[in-house]
Amino acid sequence: MLPTITAFESSPDRGRGQARDMRVRWALEEVGQPYDVRLVSFAAMKQPAHLALHPFGQIPTYEDGDLALFESGAIVLHIAERDDGLLPKDADARARAIAWMFAALSTVEPPIVELTMAMLFERDRSWYAERLPMLQDRVRTRLGELSRRLGQADWLDGAFSAGDLMMVTVLRRLNTSGLLDEYPDIAAYVARGEARPAFRRAFDAQLAVFKAASQS
């Protein structure tokens, strides 16, 4: 049997590849692993069957035989450790790639999520205009630090790895913010990730779900 992941039945990002199943789809495409997708509604995500897989009632989940996982980072790490293509063979380089995965999720993503949530849900609040520059500056701090580390390199640490996969998916949340335009090297880095054939296959698969839902 193929591994099965869960994804939104009706994605709130309107098929732009921002939902976190995108990370798992991309990883599976990079290693050449076919997979099945089970679509879940927002209501179903809070039911016992789904909560048994994801205690916080979110997506994605991953099932392969007796193994069930939740959290996109843990799932991508499992895929990367199981199959070739996302982690270096050298032990030290492998450890650094995993460190970049954690950096993407723990250091870079939180201020980006805080900013994007404010832009989506807080525009009508009286304090939005005052708070927005502070949130943007927090993101700029991380982008500046990342830019200095990336320099002129194509990827974060040698060849493309799971660390880059996670970082690119995190940074893509800024695509409509205008902030990436302030850091051309980071924007080019994201574009390189988006140009990978495995990314395009994953993106098209997620977009097809939204198109089907919107036409039904």
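Atoms considered below: every heavy atom in the structure, side chains included; atoms not considered: hydrogens, waters and symmetry mates.
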Can you give each donor-acceptor pair under 3.5 Å made by side-chain atoms of residues 197-206, sequence neighbours left out, with the distance rounded to 0.1 Å?
residue, atom, partner, partner atom, Å
R201, NE, E29, OE1, 2.9
R201, NH2, E29, O, 3.4
Q206, OE1, G17, N, 3.1
Q206, NE2, D21, OD1, 2.8
Q206, NE2, D21, OD2, 3.1

Can you name the nearest heavy-atom pair linking [X] to [Y], along with the distance?
{"X": "L135", "Y": "A118", "value": "CD1-CB, 3.5 Å"}
{"X": "A68", "Y": "L53", "value": "CB-CD2, 3.8 Å"}
{"X": "V37", "Y": "Y35", "value": "CG2-CE1, 3.5 Å"}
{"X": "L150", "Y": "W155", "value": "CD1-O, 3.7 Å"}
{"X": "Y183", "Y": "S147", "value": "CD2-CB, 4.3 Å"}
{"X": "D90", "Y": "A93", "value": "OD2-N, 2.9 Å"}

Kindly compute the distance separating [atom1] ([X]) from [atom2] ([Y]), expressed to the nearest 0.5 Å.
{"X": "E71", "Y": "L105", "atom1": "CD", "atom2": "CG", "result": "8.5 Å"}
{"X": "D36", "Y": "T6", "atom1": "CG", "atom2": "OG1", "result": "12.5 Å"}
{"X": "R173", "Y": "R16", "atom1": "CZ", "atom2": "CZ", "result": "11.0 Å"}
{"X": "M22", "Y": "S11", "atom1": "CE", "atom2": "OG", "result": "11.5 Å"}
{"X": "D181", "Y": "N175", "atom1": "CG", "atom2": "CG", "result": "9.5 Å"}

field: Ring centre gap for F42 and F8 strictly below 6.0 Å
entry: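 That pair passes the under 6.0 Å test.
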- request: Go through the side-chain N and O atoms of R23 and S72 and say whether any donor and acceptor fall under 3.5 Å apart.
  value: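 A donor-acceptor contact under 3.5 Å links the two side chains.
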field: Intermediate values then yes/no, side chain to side chain contact (heavy atoms under 4.5 Å, CB included), V209 and L39
entry: CA-CA 9 Å; V209 173; L39 302 178; 3.8 Å; yes
Does [X] share a hydrophobic cluster with [Y], counting links as ILVMFWY side-chain heavy atoms below 4.5 Å and allowing steps through other members?
{"X": "I5", "Y": "V40", "value": "no"}
{"X": "V24", "Y": "L2", "value": "no"}
{"X": "V113", "Y": "V139", "value": "no"}

- request: Inspect the surroundings of CG in D66 and state if more than 12 heavy atoms from other residues, nucleotides or ligands are less than 6.0 Å away.
  value: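 No, the 6.0 Å shell around CG holds no more than 12 heavy atoms from other groups.
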query: Are more than 12 heavy atoms from other residues, nucleotides or ligands located less than 6.0 Å from atom CZ of F102?
result: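 Atom CZ in F102 is not crowded, with 12 or fewer foreign heavy atoms closer than 6.0 Å.
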Is there a donor-acceptor pair closer than 3.5 Å between any side-chain N or O of [X] and the backbone N or O of [Y]?
{"X": "R131", "Y": "W127", "value": "no"}
{"X": "T169", "Y": "M166", "value": "yes"}
{"X": "D157", "Y": "A97", "value": "no"}

message: Can you tell me how the ring of F56 sits relative to the ring of F70, calling it parallel under 30°, perpendicular over 60° and tilted otherwise?
response: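 F56 vs F70 ring planes: perpendicular.
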message: Against the six-membered ring of F160, is R196 placed for a cation-pi contact (under 6.0 Å from the centre, within 45° of the normal)?
response: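 Cation-pi check for R196 and F160: passes.
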Counting C-beta onward and ignoring hydrogens, is there a side-chain heavy-atom pair between [X] and [Y] closer than 4.5 Å?
{"X": "L143", "Y": "E182", "answer": "no"}
{"X": "L146", "Y": "M167", "answer": "yes"}
{"X": "L165", "Y": "L86", "answer": "yes"}
{"X": "P3", "Y": "E63", "answer": "no"}
{"X": "L174", "Y": "L115", "answer": "yes"}
{"X": "H54", "Y": "M45", "answer": "no"}
{"X": "R142", "Y": "T107", "answer": "yes"}
{"X": "H50", "Y": "I59", "answer": "yes"}

field: Criterion salt bridge (Lys or Arg N to Asp or Glu O under 4.0 Å) on D137 and R140, from CA distance to verdict
entry: CA-CA 5 Å; D137 284 344; R140 287 188 180 100; 2.8 Å; yes
- prompt: Can you list the steps and then say if W26 with V168 is a side chain to side chain contact (heavy atoms under 4.5 Å, CB included)?
  reply: CA-CA 11 Å; W26 186 5; V168 168; 3.9 Å; yes
task: Not counting sequence neighbours, list each pair that qualifies as a salt bridge (charged side-chain N to carboxylate O under 4.0 Å, His left out) and has a residue in residues 161-171.
output: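 Of all non-adjacent pairs touching residues 161-171, none passes salt bridge (charged side-chain N to carboxylate O under 4.0 Å, His left out).
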For residues 76-84, dump all side-chain donor-acceptor pairs below 3.5 Å to protein atoms at least two apart in sequence or in another chain.
residue, atom, partner, partner atom, Å
R82, NH1, Y62, OH, 2.8
R82, NH1, D64, OD2, 3.2
D84, OD1, K89, NZ, 2.7

query: Who passes salt bridge (charged side-chain N to carboxylate O under 4.0 Å, His left out) against R14, sequence neighbours left out?
result: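 Result, salt bridge (charged side-chain N to carboxylate O under 4.0 Å, His left out) vs R14: none returned.
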task: For P110, enumerate each residue passing the side chain to side chain contact (heavy atoms under 4.5 Å, CB included) test, keeping only those at least two apart in sequence or located in another chain.
output: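 None.
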query: Looking at residues at least two apart in the chain, or sitting in another chain, which of them share a side chain to side chain contact (heavy atoms under 4.5 Å, CB included) with R148?
result: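 So R148 forms a side chain to side chain contact (heavy atoms under 4.5 Å, CB included) with E145.
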query: Between R138 and T141, does a side chain to side chain contact (heavy atoms under 4.5 Å, CB included) hold up when you go through it step by step?
result: CA-CA 5 Å; R138 288 176 181 171; T141 296; 5.7 Å; no
query: Salt-bridged, E109 to R20, with N to O below 4.0 Å?
result: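 R20 and E109: salt-bridged.
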